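Notes to accompany the following structure.
Below, chain A is the first sequence line, B the second, and so on; all start at residue 1. This is a predicted model, so every value here is computed, not measured.
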Amino acid sequence: MIANWIDACAAGDIENEDVIRFDHEGQTFAIYRTEDDRYFATAGLCTHEAVHLSSGLVMGTIIECPKHNGRFDFTSGKAKGAPVCVDLRTFPVKVEDDRVYVQIDA
Amino acid sequence: MPATARDYSLIGRDARLAEENGFAAAEWYSCSIPRKELKELMKRSDGPALRDTALWVSCLVLSAAGGVFFWGTWWAVPFFVVYGVLYGSSSDSRWHETGHGTAFKTRWMNDILYYVASFMILREPTVWRWSHTRHHTDTIIVGRDPEIAVPRPPDGIGLILNIFALKSTCHTLKGLFLHASGRLTKEEETFIPEMERQKVYLVARIYLLIFAIVAVASFQLQTILPAMLIGLPTLYGGFMAIFFGLTQHTGLAEDVLDHRLNTRTVYMNPIFRFLYWNMNYHIEHHMFPMVPYHALPRLHALVKDDCPPPYPSTLAAYREIIPTVLKQMRDPSYFVVRRLPGGTTAAPYNHGSIIKIAERNTGRAS
Ligand code: FES
């Protein structure tokens, strides 16, 4: 399996303590920026009912799903309790020259 | 297919039809709000719920103390009415808000109030967490939503019994015994995942133990006073829960994918809004369940022009609900058609026409 670094967005496209949606080749991701300027990426859809997490609320390192308020730690993908029971897949992220790259398996 | 009565069970004919017609876990209409404003509205804080909970608990303690002090005289009645409403009715909204995790910013505060309020309203916390999750996914979709309060044709006797939570309590007690024995109903199996089931059984046993202790105490002391404080208030104080709760969806459309058509927003006075924790802004709550109760009036101001006019009072809502329910007893196909802004007639609007397109997920962690 080849790991690809994909240019997802400009670092400034995401506000502090926020999330945006990034679609690539039919897959959808959520890219996060923390209050202290760290960047993370996870699968874009909630593991409960496949709702886009990018409409959710970021609180510290938690993303809360907009549909039933399920919470994940987006740094590890860990589901934090009902109604989300399945962890979220995470993806490595790097920031270079003010661009955010996500490592995606090809 | 010939017209038949609707099947509200979650494992019956209409459950299958809902899936076939794209009503299950579908895409719903949502008013558009700039992300910046929505983020502001979704912000959590502990302050408002701490203040409201302190006031609520103080009123509970004072009214209980008054009831106990005047026990045996008529003066105890008003104290128990207040205590009963706070215990058996306003616990509904506390259960609801903390179940969404939005009342407090701090998770454990939500959790504690969730378990306490669940007990007061006599709902099993895990069962109802999952049933309410489904209610939000498939609001008033027949065969999918386990929380349709008034199926058609309406059960008039059941509604009257529920003024004092009698029907719902019988149902819950049956469930408690079943769950305490380590089983679920077939319907519950459709929405409670395997990993949550042990919790259901444990809490059912704890509930039954508490009720047994209250019963023994009442028997030993030769007075129903302990039960007047724990257990019975769910019944004698439950009338405001149904009074508020029926305004949410009763008599409106089924099987639509737009909360503006199946949900009411009703203006209520400040006391009602305290008891009901602003759940009168119910369209707003369903559309944006992440917005805490204290921010719902602000959310309402942002979306109201894109919604049917709110009901000006609880009385106005009931002027519609009561005749509608009576009419539905004779004609179950009847429902209130809400008119959307711009004069659009609600009837064909979004009636299953927007169906979720399957997306390829980027995978779940193994
Ligand atoms: S869809 Fe995310 S919590 Fe239900």
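- Side-chain contact between L57(A) and R44(B) is present, with heavy atoms from C-beta onward closer than 4.5 Å.
- Within the model, atoms CD of E49(A) and OG1 of T137(B) stand 3.5 Å from one another, a figure rounded to the nearest 0.5 Å.
- In D97(A), the CG atom is not crowded: 12 or fewer heavy atoms of neighbouring residues, nucleotides or ligands sit closer than 6.0 Å.
- Expressed to the nearest 0.5 Å, how far NE2 of H48(A) lies from OG1 of T133(B) amounts to 5.5 Å.
- Within the 4.5 Å cutoff, the side chain of M59(A) has no heavy atoms near those of the K105(B) side chain.
- Annotation for E196(B) and A82(A): closest pair OE1-CB, 3.7 Å, computed over non-hydrogen atoms.
- Within the 3.5 Å criterion, the main-chain N or O of H100(B) finds a donor-acceptor partner in the side chain of N69(A).
- Of all the listed residues (R35(B), K43(B), R129(B)), the one sharing the greatest number of non-hydrogen pairs under 4.5 Å with chain A is R35(B).
- Applying the side chain to side chain contact (heavy atoms under 4.5 Å, CB included) test to P66(A) and every residue at least two apart in sequence or in another chain returns V51(A), S55(A), M290(B).
- Between K80(A) and R107(B) the shortest heavy-atom distance is O-NH1, 4.3 Å.
- With a 4.5 Å cut-off on non-hydrogen atoms, T102(B) touches chain A through its side chain but not through its backbone.
- By the 6.0 Å contact criterion, NZ on K39(B) is enclosed, its count of non-hydrogen atoms from other residues, nucleotides or ligands being greater than 12.
- Only the side chain of M195(B) comes within contact range of chain A, with heavy atoms under 4.5 Å apart.
- A salt bridge links K36(B) and E15(A); the closest N-O separation between the charged side-chain nitrogens and carboxylate oxygens is under 4.0 Å.
- Taking CH2 from W130(B) and NE2 from H68(A), the interatomic distance works out to 9.0 Å, rounded to the nearest 0.5 Å.
- Within a 6.0 Å sphere centred on CG of D37(A), heavy atoms belonging to other residues, nucleotides or ligands number more than 12.
- Residue S76(A): no heavy atom, backbone or side chain, is found under 4.5 Å from chain B.
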